[in-house]
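Structure, as structure tokens:
Throughout, protein chains are lettered first and strands after them, A, B, ... in sequence-line order, and every chain is numbered starting at 1. Atoms considered below: every heavy atom in the structure, side chains included; atoms not considered: hydrogens, waters and symmetry mates.
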Protein chains: 2
Amino acid sequence: MTPIFKVDHTNCQDCPIRHRAVCAHCDADELEELEEIKYYRSFEAGQTIIWSGDQMNFVGSVVSGIASLTQTMEDGRTQMVGLLLPSDFVGRPGREIAPYDVQATTDLVMCCFRKKPFEELMGTTPHIAHRLLQMTLDELDAAREWMLVLGRKTAREKIASLLSIIARRDASISKKGNSGPIVFDLPLTREAMADYLGLTLETVSRQISALKKDQVISLQGKRHVTIPDMGRLMEEAGDDSDGGFLV
Amino acid sequence: MTPIFKVDHTNCQDCPIRHRAVCAHCDADELEELEEIKYYRSFEAGQTIIWSGDQMNFVGSVVSGIASLTQTMEDGRTQMVGLLLPSDFVGRPGREIAPYDVQATTDLVMCCFRKKPFEELMGTTPHIAHRLLQMTLDELDAAREWMLVLGRKTAREKIASLLSIIARRDASISKKGNSGPIVFDLPLTREAMADYLGLTLETVSRQISALKKDQVISLQGKRHVTIPDMGRLMEEAGDDSDGGFLV
DNA sequence: TGCGTGCTTTGACAGAGATCAAGTGGAAAC
DNA sequence: GTTTCCACTTGATCTCTGTCAAAGCACGCA
């Protein structure tokens, strides 16, 4: 993923964040305006950042940690509809009211921009609009991939799909080679996984136990996962090819 | 919805299509270039327009009829991931390979643009990129709404949700008033509805029968639906407010 | 050390929806 | 008029996942 403001971060010396989507320090031309409208916010795990229906006077992107978008029905059923990883964008230019709850799933730092000036900047800086379009299309693809998971996969396949996504994301950061076991920490509680997958937390727990028993994965503690054979996991997920999730 | 090329269609005299998303005839400045790269295609109900994995050398928008995006797993399970109504956009600038099957659900006319020139035009015409961003964000919202439907709603609520969407879309075209019964034809087979909702066609049929029995809807024939009380239907769908679906 | 609290696991059971299997009805074709 | 075909409906049964309940485990706190 290329940053909105600049592709190359190598000369990004005094940038405190170095995350990939928004890095105003990297672009001298836009720096001055942005300093006025940009700020950082930190959240603790579990904190709600925005409530559905709230006025949204900023947009922003995730610097570190994980945030989630969730929808809740009157009777309390909730469905996660987005998982925001570092560099992902929150908020929509032109929208006043937040349509989802946004929650910090882990401790989180966001880089926020006041909405009005950001919109103006977008009007005068075409490559921001282009970059935003690209990111939105990626998110749309990811959402559609999830619709297949939610609509047609079994509980076991759902879990395998989720693990596969997280593994691949971490792999792209921590590993170069394509073989060997993959190791990572689950950034989600069982309940959050259930909300993402349209399951109950009990079913999530049972299926994780089953995958462990069948040696598709192994667990150290509750959250630390080792995947001995990524191909095997992807078979379990029902993915036909290695193309796929774009989260 | 405003068109990509021009907001106001009142002076769109010789435009043969007059659909809302793309109407090249409306904009004199862009006309000449576009005449070279624009063409129409018709499809019969059931025809596949693009296979997943195909090279895509065009983008376009739906003029009339309904198209669907579907994903299929190796074993044949299929999930619809998008429903394209007139004015909706197909294809993605910058993408070579189609990620989904695109099928004509009803008889269909599309307005297509060769991809390369369209991309160039987009580069030089900022408002096209902006419009596309807006449409993509709308689609993303609709996809996320569907994730709630797929993940957390019961079969009955799913059917009610789908009917509610179709009713509201038709209502926005055919009705001005907000009360009174709503009448429309289902543009989908039971199987297509099932693929959209992550159900089997038998369950779809049973739930439609149940809604009929409970007088939430009434049917003339298999496809012609009357909704006596829209509020009642939305209750059945589990929608808490009238805000909602953006398909 | 002991105790609560939050997250997780596991068990027993029930129910919503899938699966398998006929059967209906209407429209086009012969 | 009859046949054929296709979309749809309905029934019987099975099974996966949800629900309710209890218990385990790790960690912080008194």
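When heavy atoms are screened at a 4.0 angstrom cut-off, B:Gly46 is found touching no nucleic acid atom at all.
Distance, B:Leu150 CG to C:dG17 C1': 15 Å, rounded to whole Å. In this structure, A:Lys158 atom NZ and D:dT17 atom C1' are separated by 9 Å, rounded to whole Å. Rounding to whole angstrom units, CG of residue A:Asp195 and P of D:dT17 are separated by 17 Å. Taking atom CZ on B:Arg77 and atom C1' on C:dT19, their separation rounds to 14 Å, with Å as the unit. Distance B:Leu188 CG to D:dA7 P: 14 Å, rounded to the nearest Å. The interatomic distance linking B:Arg152 (CZ) with D:dT17 (P) rounds to 13 Å, in whole Å. For the pair A:Arg190 CZ and C:dT10 P, the interatomic distance rounds to 10 Å; values are reported in whole Å. In this structure, A:Leu186 places its CG atom 10 Å from P of C:dT9, rounding to the nearest Å.
A donor-acceptor contact under 3.5 Å is formed by the side chain of B:Glu202 with the base of C:dC20.
Here the side chain of A:Gln79 pairs a donor or acceptor atom with the backbone of A:Tyr196 at under 3.5 angstrom. Listed for the B:Asp101 side chain is no donor-acceptor partner under 3.5 Å among the backbone atoms of B:Trp51.
The closest side-chain heavy-atom distance from A:Trp146 to A:Leu197 is below 4.5 Å.
Residue A:Gln47 places its CD atom among more than 12 non-hydrogen atoms of other residues, nucleotides or ligands, all under 6.0 Å distant. Around CD of A:Gln215, the count of heavy atoms belonging to other residues, nucleotides or ligands within 6.0 Å does not exceed 12.
Salt bridge status for A:Arg95 with B:Asp138: absent, with no side-chain N to carboxylate O gap under 4.0 Å.
For the salt bridge (charged side-chain N to carboxylate O under 4.0 Å, His left out) test, residues two or more places apart in sequence or in another chain that qualify with A:Glu236 are A:Arg156, A:Arg232.
Comparing D:dG18, C:dT10, D:dC8 by their nearest atom to the side chain of A:Thr200 picks out D:dG18.
Applying a 4.0 Å cut-off to non-hydrogen atoms, the residues of residues 205-223 of chain B that approach DNA chain D are B:Ser205, B:Arg206, B:Ser209, B:Lys222, B:Arg223, listed by residue number.
The side chain of B:Thr203 places an N or O atom within less than 4.0 Å of a non-bridging phosphate oxygen (OP1 or OP2) of C:dA18.
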